[in-house]
Colleague: 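Take this structure first; my questions come after.
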Amino acid sequence: MKRAIYDEDHEAFRASVKEFVDRSVTPHAEEHLEAKGLPRDFWLEAGKQGLLGLEVPEQYGGMGAGDYRFNAVLTEELSKVNASLPSCVGIHSDIVAPYLVELTTEEQRQRWLPGVASGELLTAIGMTEPSGGSDLAALKTTAVRDGDQWVLSGSKTFITNGYSADLVVVAARTSPEKKAKGITLFGVSTSLPGFSRGRKLDKVGQPESDTAELFFEDLRLTDDDVVGELDQGFIHMMQNLPQERLNCAVSNLAHAKQILAETIVYAQERKAFGQGIGSFQHNKFLLAELVTQIDVTQSFVDECVLAHTRAELTPIDAAKAKWWTSQVQNDVLDHCVQLHGGYGFMNEYRVARAWKDARVSKIWAGSNEIMKELIGRDLGL
Ligand SMILES: Cc1cc2nc3c(=O)[nH]c(=O)nc-3n(C[C@H](O)[C@H](O)[C@H](O)COP(=O)(O)OP(=O)(O)OC[C@H]3O[C@@H](n4cnc5c(N)ncnc54)[C@H](O)[C@@H]3O)c2cc1C
């Protein structure tokens, strides 16, 4: 089905992203795998190409696109390469950038945004802690007032870009007695004394992304490092999570769609009993079901992208898009592995890596159970 959400400008941007991927990503895919992360050259190249500053206003060096469809195009193209790439880039430019654009003072914008757009200031966001991620309101990291400073203590885990980030938006408890209404966001420079990181975490999938545990030991901050309103951090996160979940939905679907397209070619070429394996009725019907699932899901995700472009996407629709696409992605990729037979279980095959990479999409950015909890609550249950 022809998709109607993109115009010529979006397609021209897509062509420039593809050109970037061919030039700066594909030739280095093996290096990214071995390094378990993306080198700074990658970020600087992406910044030069204008891919990191879609959310950043032009006066701070960004593109100031003001149209979420450009973010979606970028996510789709990166997701065709692997699932790590849209995750790392997405955290920086689609998830952290809105906090730094919308909640900051003029001084903070001047301090942070040019580097965000150029790739010189790599960002991450630290919400999850070793003691839990789903119950964000229960987080334990504290920022305690000491004179005109804040003293940050605690730790975060599973932080995407955490090993390389220069700036981490950290959620910390500033009013212990207030639970959700006592959390504040801080922009924490990783060069400050009291900041340290653990090793790169050894994940089941997405080896190209760096994921780390972060530690804050009596790390001193000032009021100039507060992002948004004091004690309003939980609300700020709730306001920004729909965009994060939409980013996941776009990525989940584009990744699954790409691997399914490659699997259809495989099913045409791979022979058993003297015929292409795709021509057996079981597999033909299965592939028909999978492309239908993808196409029908695409319509919903496109509607969400359009709604978000108009600033009308509800947290509930974002939650639906996030859990549904991650389930579809996992189901589709599991069938793709099966259709590849033994090769589907070999790490050197893209389908095997994609299958492992996809598993986390049901866990992160708010697990699928939490998404259903939100949707259920909205039903009055
Ligand atoms: C690769 C990776 C990258 C990540 N990147 C980041 C990042 O950049 N920044 C960041 O802050 N976090 C990040 N996360 C953390 C991620 O968002 C959390 O793992 C996720 O929110 C779940 O939290 P948890 O792991 O503590 O699980 P828990 O909260 O301990 O949950 C465990 C299980 O219990 C279920 N559960 C919990 N509460 C309920 C409930 N009320 N009803 C039903 N079931 C429930 C969950 O769904 C889950 O299945 C990342 C995680 C991974 C694996």
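In listed order, ligands and their atoms are each counted from 1.
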Colleague: I'd like to know if atom 42 (N) of ligand 1 has any protein heavy atom within a distance of less than 4.0 Å.
Modeller: no
Colleague: With a 4.0 Å heavy-atom cut-off (strictly under), which part of Asn368 contacts ligand 1: side chain, backbone, both or neither?
Modeller: neither
Colleague: Short check: is a protein heavy atom less than 4.0 Å from atom 30 (O) of ligand 1?
Modeller: no
Colleague: Do the side chains of Glu11 and Lys18 get close enough for a salt bridge, i.e. N-O under 4.0 angstrom?
Modeller: no
Colleague: Scan residues 230-243 for pairs that pass side-chain hydrogen bond (donor to acceptor under 3.5 Å, both in side chains), counting only residues two or more places apart or in two chains.
Modeller: Glu55-Gln243, Asp94-Gln243, Thr174-Asp231, Ser175-Asp231, Lys178-Asp231, Gln243-His308
Colleague: Looking only at protein heavy atoms, which one is nearest to atom 24 (P) of ligand 1, and how far off is it?
Modeller: Gly133 N, 3.7 Å
Colleague: Can you tell me if Thr297 and Trp324 form a side-chain donor-acceptor pair at under 3.5 Å?
Modeller: yes
Colleague: Quick check: does any side chain N or O of Asn252 sit under 3.5 Å from a backbone N or O of Gln329, one acting as donor and the other as acceptor?
Modeller: no
Colleague: Can you confirm, on distance only, whether ligand 1 has an N/O atom lying under 3.5 Å from any N/O atom belonging to Glu129?
Modeller: no
Colleague: Between Arg220 and Asp146, does any side-chain N to carboxylate O distance fall below 4.0 Å?
Modeller: yes
Colleague: For atom 10 (C) of ligand 1, what is the nearest protein heavy atom, given as residue, atom name and distance?
Modeller: Thr128 OG1, 3.4 Å
Colleague: I'd like to know whether the aromatic ring centres of Phe70 and His10 sit less than 6.0 Å apart in this structure.
Modeller: yes
Colleague: Tell me which part of Ile91 gets within contact of ligand 1: side chain, backbone, both or neither, using heavy atoms under 4.0 Å.
Modeller: side chain
Colleague: Got an N/O contact under 3.5 Å between Phe158 and ligand 1?
Modeller: yes
Colleague: Please report whether atom 7 (C) of ligand 1 has a protein non-hydrogen atom at a separation of less than 4.0 Å.
Modeller: yes
Colleague: List ligand 1 atoms under 4.0 Å from Thr160, heavy atoms only on the residue side.
Modeller: 3 (C), 4 (C), 5 (N), 6 (C), 7 (C), 8 (O)
Colleague: Name the option, out of Leu201, Val360, Asn161, that contains the heavy atom nearest to atom 53 (C) of ligand 1.
Modeller: Val360
Colleague: Cut-off 3.5 Å, side chains only: do Lys203 and Thr211 have a donor facing an acceptor?
Modeller: yes
Colleague: State whether the side chain of Arg197 and the backbone N or O of Gly162 hold a donor-acceptor pair below 3.5 Å, judged by distance alone.
Modeller: yes
Colleague: Does ligand 1 have a heavy atom under 4.0 Å from the side chain of Ala365, from its backbone, from both, or from neither?
Modeller: backbone
Colleague: How about Gln293 and Glu289: does a side-chain donor come under 3.5 Å of a side-chain acceptor?
Modeller: no
Colleague: Report the relative orientation of the aromatic rings in Tyr266 and Tyr349; use parallel for angles under 30°, tilted for 30 to 60°, perpendicular for over 60°.
Modeller: perpendicular
Colleague: Are Asp357 and Arg350 within salt-bridge range, i.e. N to O under 4.0 Å?
Modeller: no
Colleague: Specify the protein heavy atom at minimum distance from atom 20 (C) of ligand 1: its residue, its atom name, and the distance to 0.1 Å.
Modeller: Ile363 O, 3.5 Å
Colleague: What protein heavy atom lies closest to atom 9 (N) of ligand 1? Include the residue and the distance to one decimal.
Modeller: Ile125 O, 2.9 Å
Colleague: Find all atoms of ligand 1 within a distance of less than 4.0 Å from any non-hydrogen atom belonging to Gly132, and give their numbers and elements.
Modeller: 26 (O)
Colleague: Looking at non-hydrogen atoms alone, which of Glu369, Lys362, Lys203 comes nearest to atom 49 (O) of ligand 1?
Modeller: Glu369
Colleague: Please could you name the atoms of ligand 1 that Ile159 approaches to less than 4.0 Å, counting only its heavy atoms?
Modeller: 7 (C), 8 (O), 9 (N), 10 (C), 11 (O)
Colleague: Quick test: of every protein heavy atom, which one is nearest to atom 46 (C) of ligand 1, and how far off is it to 0.1 Å?
Modeller: Ser367 OG, 3.6 Å
Colleague: Any protein heavy-atom neighbour for atom 17 (O) of ligand 1 (distance below 4.0 angstrom)?
Modeller: yes
Colleague: Between OG of Ser367 and CD1 of Ile370, what distance do you get to the nearest 0.5 Å?
Modeller: 4.5 Å
Colleague: Taking heavy atoms and a distance under 4.0 Å, where does Ser134 meet ligand 1: side chain, backbone, both or neither?
Modeller: both
Colleague: Number the atoms of ligand 1 from 1 as they appear, then name those within less than 4.0 Å of a heavy atom of Ile370, with their elements.
Modeller: 38 (N), 39 (C), 40 (C), 41 (N)
Colleague: For atom 2 (C) of ligand 1, what's the nearest protein heavy atom and its distance?
Modeller: Trp364 CE3, 3.6 Å
Colleague: Between Phe186 and Phe216, does the ring centre distance come in under 6.0 Å?
Modeller: no
